[in-house]
Amino acid sequence: MRTRCRLLIGSWSVEGRSVPDPPRQPLPRCAVDPPVPHDLSSLPAPSADRTLRRLLFLGLVVALAAGLFLLMLAVLAPGGWSGWEVLILVCYSLNLPWLALAGATGLTGLAARPEPDPAISPIAPPPTLLAICVRDEEVSTLLPPLTALWRGLDVPATIALLSDTTDPQRGAAEEEVVRAFAATLPPGALRYRRRADNAGWKAGNLMEFLDRHADGHEFLLLLDADSVMDPALVARMVRCMHAQPTLALLQATIAGHEARTRFAHWFGLGHAPGARIWASGQAWWQGPQGAFWGHNALLRIAPFRLHARLGALPDGTAILSHDFVEAARLHRAGWEVRVLPVDDGSWERHPPDLPAFLDRDRRWAAGNMQYRFLLRDPHLSRLGRFQMVQAMAHYLLAPLWFLLLPLAVLNAATGGAEGTPRVLLLVWLALSYAALHLPRLLGHAREAWRRGGPALREAATESLFLLLLEGAMAFDKTLTVVAHALGRRRPGWPAQRREGGHVPWGEALRRLWPHSVFGLAFLAALLAWGTPFATLVALPALAGLVLAVPFCVLSARRR
């Protein structure tokens with residue numbers, strides 16, 4: 001087979017002509033090969049400590065779900081049951097596992113103590129590839145932080161640029177930038193290749209590179225185009241993996257950086273502390289079968305090539321959200337996948353505005369919905385399949401969560417809320433909100449304990465921002481799920497927009513007018529037929545819909 005490709009390795013380049021496919025390299029042997037079982041019965045049994053942790057976590061989830069369910073009954077039962085209240089009961093009950101899981105993860109994450117790093121091996125770690133996946137990106141902006149990481153490392157490393165840029169003009173400009181960049185580095189410090197066929201998207205890009213261009217390296221640090229990592233953290237991860245030969249993937253938690261717009265800044269205020277608590281809680285009970293988020297992660301090349309190779313789905317399409325599948329395959333083969341919760345040292349850029357955020361969410365929804373084809377795959381671990389169910393539920397439950405708002409409005413407008421104990425209603429709503437956001441709220445509390453007043457102001461700002469974001473986000477998720485059900489999803493995996501600073505009013509109106517129309521209709525119904533109390537209770541949920549357009553425009557402006 002012959003392929004159209006362009007390669008640049010060190011200072012050597014091949015341009016503009018067909019070249020033979022490089023021969024596939026044999027899979028390199030690792031220092032320790034753990035068992036590679038072919039059925040679940042041959043997997044090593046979980047340790048007693050891990051089993052106990054999972055039972056305790058399950059008990060906490062059940063207890064939280066039961067408490068919220070009983071509180072809901074105490075709120076809805078007085079005065080008899082209206083049809084709207086029965087529907088509220090059904091929608092809320094189906095969301096209860098997700099609420100309880102979030103709350104239990106937050107409580108566990110706050111209480112969990114970080115596990116110590118394994119003993120550092122006295123033997124120098126093997127060479128590591130610092131690989132960044134790019135597609136239609138401005139490569140010149142990616143190279144400075146990548147160079148800083150490479151120069152700051154005290155372990156041997158090689159830079160690798162894995163390009164999926166298909167546009168000829170962009171590709172030519174990209175190669176010129178890379179060629180100039182390579183001239184500033186020692187020979188062999190850079191490996192670059194651009195493929196014209198995006199088969200398999202990012203997962204295919206990575207696996208093709210590992211098969212043909214990763215010789216001489218045992219580890220690979222996988223980065224996205226907007227990733228930045230601190231050399232000290234990367235060196236720590238490399239030494240941890242070198243000291244633990246059964247560890248195949250080590251994922252660092254990720255915070256935001258370069259928040260140039262109000263939206264990105266406000267979103268990042270709660271993301272970092274919440275992610276730290278969430279990851280700590282999950283790591284406590286998931287242990288060596290942790291999650292993988294696709295970047296800012298160190299992987300061991302040999303087992304990844306052997307077990308994380310993805311085929312097409314039954315309909316012939318490529319797997320889009322590859323990371324959970326790759327982790328579940330590694331779990332199943334007996335390799336460890338762990339999450340390293342960190343406060344600093346691992347960053348990405350958050351979406352610059354609401355349209356970019358919603359576009360990213362729709363891409364993730366498209367990938368997560370594909371997991372329904374994989375839940376019976378015997379090559380995936382049980383916990384990995386549960387993680388996929390969680391990922392699908394994040395979207396599939398969104399319509400039921402959003403329906404609680406119109407059902408509550410209709411119940412209040414038709415008199416069904418008469419007799420509802422108001423104090424218990426407020427307590428139920430507050431505890432439901434707290435359970436859903438407990439990792440984030442506890443993360444803010446942890447920061448307030450450490451930094452005092454500034455952290456409290458950040459928490460208040462981010463909570464107001466999230467109040468406006470969630471209404472629009474829940475409605476958009478509902479539209480996305482409906483579009484998938486009707487077969488109207490856009491094909492492909494569009495590139496992410498990273499730059500922002502301005503969203504015109506017309507663009508915001510075209511994108512968000514359904515959100516505003518629904519919000520205004522609900523508000524009008526409450527004002528016309530509901531009680532003042534019902535209107536006040538519903539206002540926080542309605543605000544994000546009614547104000548979606550001005551919120552989009554104003555939050556997109558530069559800080």
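We count residues from 1, following the sequence as given. Only heavy atoms go into these numbers, but all of them, side chains included; no hydrogens, no water, no symmetry mates.
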Legend entry - Under the salt bridge (Lys or Arg N to Asp or Glu O under 4.0 Å) test, residues paired with Asp230 that sit two or more places apart: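 Not a single residue meets the salt bridge (Lys or Arg N to Asp or Glu O under 4.0 Å) criterion with Asp230.
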Inset, instruction - Quick one: do Phe357 and Met473 satisfy side-chain contact (heavy atoms from CB on, under 4.5 Å)? Show the steps, please. - result: CA-CA 9 Å; Phe357 176 84; Met473 186 170 59; 3.4 Å; yes
Over all heavy atoms of both residues, which pair between [X] and [Y] is shortest? Give the atoms and the distance, please.
X	Y	value
Phe324	Gln387	CE2-O, 3.4 Å
Ala100	Leu64	O-CD1, 3.7 Å
Trp335	Pro245	CZ3-O, 3.3 Å
Pro125	Pro156	O-CG, 3.7 Å
Met392	Met369	SD-O, 4.4 Å
Ala279	Val339	CB-CG1, 3.9 Å

Checking side-chain polar atoms at under 3.5 Å, does [X] have a donor or acceptor matched by the opposite partner on [Y]?
X	Y	value
Arg276	Ser280	yes
Glu348	Ser227	no
Thr158	His217	yes
His444	Glu462	yes
Arg194	Asn205	no

Inset, instruction - Hey, can you tell me if Phe263 and Phe267 have their rings parallel, tilted or perpendicular (30° and 60° cut-offs)? - result: parallel
[X] side chain near [Y] side chain, heavy-atom distance below 4.5 Å:
X	Y	answer
Ile319	Trp201	no
Trp150	Leu185	yes
Leu142	Asp226	no
Glu458	Glu447	no
Thr105	Trp284	no
Arg50	Pro288	yes
Leu383	Met388	no
Trp364	Leu320	no

Taking [Y]'s backbone N and O only, do any of them form a donor-acceptor pair with [X]'s side chain (distance below 3.5 Å, no angle check)?
X	Y	answer
Asp167	Arg170	yes
Arg193	Leu161	no
Arg338	Gln289	no
Tyr371	Ser321	yes
Arg360	Pro351	no
Arg329	His379	no

Inset, instruction - Verify the ring-centre separation between His394 and Trp98: is it less than 6.0 angstrom? - result: yes
Inset, instruction - Report yes if the distance between the aromatic ring centroids of Phe181 and Tyr192 is under 6.0 Å, otherwise no. - result: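 Aromatic pair excluded; centres sit 6.0 Å or further apart.
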Are any of the side-chain nitrogens in [X] or [Y] under 4.0 Å away from the carboxylate oxygens of its partner?
X	Y	result
Asp343	Arg446	yes
Arg309	Asp211	yes
Arg239	Asp154	yes
Glu208	Arg212	yes
Arg53	Asp49	yes
Arg332	Asp377	no

Return a table of donor-acceptor pairs under 3.5 angstrom between the side chains of residues 311-318 and protein atoms on other chains or two or more places apart.
unit_1	atom_1	unit_2	atom_2	d
Asp315	OD1	Thr317	N	3.1
Asp315	OD1	Thr317	OG1	2.7
Asp315	OD2	Thr317	OG1	3.4

Inset, instruction - Let me know which of Leu223, Thr253, Asn296 forms a side-chain contact (heavy atoms from CB on, under 4.5 Å) with Ser346. - result: Asn296
Inset, instruction - Kindly write out the residues that satisfy side chain to side chain donor-acceptor pair (under 3.5 Å) with Gln251, not counting sequence neighbours, or none if the list is empty. - result: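 Scan of Gln251 (side chain to side chain donor-acceptor pair (under 3.5 Å), adjacent residues dropped) gives none.
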Inset, instruction - Please determine which of Arg135, Arg195, Lys202 meets the salt bridge (Lys or Arg N to Asp or Glu O under 4.0 Å) test together with Asp164. - result: Arg195
Legend entry - Audit row: Leu375, Val389, side-chain contact (heavy atoms from CB on, under 4.5 Å) steps and yes/no: CA-CA 8 Å; Leu375 294 181; Val389 170; 4.1 Å; yes
Inset, instruction - Evaluate the salt bridge (Lys or Arg N to Asp or Glu O under 4.0 Å) criterion for residues Arg191 and Asp215: first the C-alpha distance (whole Å), next the side-chain angles of each, then the deciding distance (0.1 Å), finally the verdict. - result: CA-CA 11 Å; Arg191 298 190 178 192; Asp215 57 307; 2.9 Å; yes
